[in-house]
A.B. asks: 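Have a look at this one before I ask anything.
Since the model is a prediction, treat every value here as computed from it, not as a measurement.
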Amino acid sequence: MFAHHLSSWETVFCAPAKVPADTEPWRSLKDANGQLKRWLLRKEKALSEATALRILQKKFGELWEDKVN
């Protein structure tokens, strides 16, 4: 490896990155995907909470039926 190799590598490496013109559609799709993933996570949490509440409600009802009889 020679000094001119290092200097050319440094020039290329330290140069500002060129952003392709077609990155905007990808950015918007990536943002939309992130929003949908967050929405799905909220819905999954709400569903598991509703399921847990339904199970507790059922067990509470069964407990009262035992005490009434």
Side-chain angles (χ1 to χ4, degrees):
M1 185 172 273
F2 296 102
H4 68 277
H5 291 136
L6 292 176
S7 63
S8 65
W9 175 81
E10 181 182 16
T11 305
V12 172
F13 184 74
C14 294
K18 295 179 184 176
V19 179
D22 63 346
T23 58
E24 183 57 35
W26 287 105
R27 169 64 75 188
S28 63
L29 287 174
K30 186 177 178 181
D31 292 343
N33 189 24
Q35 289 175 350
L36 288 172
K37 284 182 179 183
R38 288 188 297 274
W39 177 81
L40 182 60
L41 185 60
R42 283 194 310 269
K43 296 299 177 183
E44 287 174 344
K45 286 180 181 180
L47 180 60
S48 46
E49 182 181 352
T51 302
L53 289 173
R54 180 68 181 130
I55 290 170
L56 288 173
Q57 184 181 27
K58 184 177 177 182
K59 287 185 178 188
F60 186 74
E62 290 172 358
L63 179 67
W64 276 104
E65 287 176 7
D66 289 343
K67 288 191 176 188
V68 171
N69 293 330

A.B. asks: Who passes side chain to side chain donor-acceptor pair (under 3.5 Å) against R54, sequence neighbours left out?
C.D. replies: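 Residues passing side chain to side chain donor-acceptor pair (under 3.5 Å) with R54: Q57.
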
A.B. asks: Linking Ile, Leu, Val, Met, Phe, Trp and Tyr by side-chain heavy atoms under 4.5 Å, what else ends up with W9?
C.D. replies: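 Once heavy-atom contacts under 4.5 Å are chained together, W9 belongs with F13.
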
A.B. asks: Pair up each side-chain donor or acceptor in residues 29-50 with any protein partner under 3.5 Å, not counting sequence neighbours, and list the distances.
C.D. replies:
residue, atom, partner, partner atom, Å
R38, NH1, G34, O, 3.4
S48, OG, E44, O, 3.0
S48, OG, K45, O, 3.0

